[in-house]
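One structure is given here, and the rest of the page talks about it.
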Amino acid sequence: MSADERSPSRSLVLAITGASGAIYGTRTMAALLERGCHLEVVVSEYGRRLLRDELGDSASIDRLTDYLVLKYGSGVRNGTTTMYSNKDLGAKIASGSQGCEGMVVVPCSMKTLAGIAHGLSRNLVERAADVMLKERRPLIIVPRETPMSLPQLRNMVLCAEAGAMIMPAMPAFYQMPQTLDDLADFMAGKILSALGFAHELYPAWKG
Ligand SMILES: Cc1cc2nc3c(=O)[nH]c(=O)nc-3n(C[C@H](O)[C@H](O)[C@H](O)COP(=O)(O)O)c2cc1C
């Protein structure tokens with residue numbers, strides 16, 4: 001589907017887990033909210049820790065929207081969020097009857113990757129991802145680890161075989177990034193493109 005062909009108010013699940021690169025999660029969240037999306041947000045326990053460790057206390061989960069507005073501007077308020085506990089397996093997004101059209105796990109830890117790959121559904125992030133796979137809806141997984149073990153590599157293959165898009169947190173350098181924000185913009189832009197959103201988070205490659 002081409003960019004922005006769908007309705008302006010789109011509903012997606014966004015999960016942030018305990019891999020390094022919390023900024024990829026917050027930048028993606030802000031960019032989707034700026035576009036008027038409704039986000040069902042789940043942040044794992046270690047995702048919460050990484051938000052604070054890497055972005056500071058002002059990015060803690062209870063102040064996350066204010067943090068996004070301060071950093072990315074009032075456009076973030078174009079969208080809406082519902083926050084869930086990762087322990088809440090009775091949440092709406094744990095069911096295939098929920099209306100979200102897709103899900104992004106950004107960043108995705110190797111632990112959550114393993115849980116998704118093996119359909120474990122031990123928590124809400126894993127269950128919501130499982131729902132996306134069984135309902136054949138888009139699931140974008142942004143893993144971050146280096147180096148990777150053979151089980152981790154195999155888990156990415158399992159997820160890809162099940163229909164997920166594996167989008168490693170690997171920003172490019174041909175855009176001449178100057179700041180960490182440039183790197184985060186690149187990854188968020190890749191995610192938005194995969195979801196069919198037009199954006200100018202990084203300059204289009206002109207060859
Ligand atoms: C500071 C810090 C950085 C971490 N970075 C990574 C990482 O880049 N990739 C990864 O797979 N795990 C990383 N971990 C380990 C995960 O947080 C850990 O496996 C955790 O259990 C993941 O749980 P979750 O997937 O439920 O968030 C890191 C942990 C800490 C404390």
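Worth saying up front: this structure is predicted, and the values here are computed from it rather than measured. Read the numbers this way: they start at 1 and go in the same order the structure lists the ligands and their atoms.
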For Glu145 versus Gln152, what's the shortest heavy-atom pair and its separation?
CG-OE1, 4.0 Å

Cut-off 3.5 Å, side chains only: do Thr80 and His38 have a donor facing an acceptor?
yes

Can you pull the residues with any heavy atom under 4.0 Å from ligand 1?
Thr17, Gly18, Ala19, Ser20, Ser44, Tyr46, Arg49, Leu50, Ser109, Met110, Lys111, Thr112, Arg144, Glu145

Tell me, which pairs form a ring-ring contact (aromatic ring centres under 6.0 Å, His included) where one or both residues lie in residues 44-90, sequence neighbours left out?
none

Cationic tip of Arg27 within the cone over Phe186's six-membered ring, i.e. under 6.0 Å and within 45° of the normal?
no

Distance check, rounded to the nearest 0.5 Å: Arg122 atom CZ versus Asp130 atom CG?
11.5 Å

Decide whether Leu39 and Ile93 are clustered together by the hydrophobic rule: side chain heavy atoms of Ile, Leu, Val, Met, Phe, Trp, Tyr closer than 4.5 Å, transitively.
no

